[in-house]
Amino acid sequence: NQYVNSAGDTTLSCGNQFLFSFGCDGESSNTRTEAQVMFNAAQLALVTGNTVDVLVNDAERYNGTLCVAEAIYVKSN
């Protein structure tokens, strides 16, 4: 696992180095509900001007090319 921050300065070993999935389809290690909660937290951070830290599992792939997020942490600025 690698920590990826919203500045995008840490690369991943997945097909796309700066994109990841929350696994909203329910086929990843996240349930649909867990994925939706993480996505909502990311949206909230965006609209409030906060940054996020995302724990990404670079061993799990969504659709063969995107890493899957395991957790998201919203940081208040």
Exercise. Quick one: does R32's side chain have a donor or acceptor within less than 3.5 Å of a partner on D25's backbone?
Worked result: yes
Seminar exercise, completed: So the disulfide bond (SG atoms under 2.5 Å apart) pairs with at least one residue in residues 22-51 (sequence neighbours excluded) are none
Exercise. So which heavy atom on F22 is nearest to which on A35, and how close?
Worked result: O-CB, 3.2 Å
Problem set entry | Heavy-atom pair with the smallest gap, counting every atom of S28 and G23 | OG-CA, 3.5 Å
Exercise. Out of curiosity, N40 CG to Q43 CD, how far, rounded to the nearest 0.5 Å?
Worked result: 5.5 Å
For this session: State yes or no: do V56 and V74 share one hydrophobic cluster built from I, L, V, M, F, W and Y residues joined by side-chain heavy-atom distances below 4.5 Å, directly or via other members?
Result: yes
Exercise. Out of curiosity, M38 CE to L55 CG, how far, rounded to the nearest 0.5 Å?
Worked result: 9.5 Å
Seminar exercise, completed: L46 meets the side-chain contact (heavy atoms from CB on, under 4.5 Å) criterion, sequence neighbours left out, with none
Exercise. Can you tell if the side chain of V68 reaches within under 4.5 Å of the side chain of N30, non-hydrogen atoms only?
Worked result: yes
Seminar exercise, completed: S29 meets the side-chain hydrogen bond (donor to acceptor under 3.5 Å, both in side chains) criterion, sequence neighbours left out, with E60
Seminar exercise, completed: Smallest heavy-atom separation, A45 atom then V52 atom, equals CB-CG1, 3.4 Å
Exercise. Any side-chain heavy atom of K75 sitting closer than 4.5 Å to one from D53?
Worked result: yes
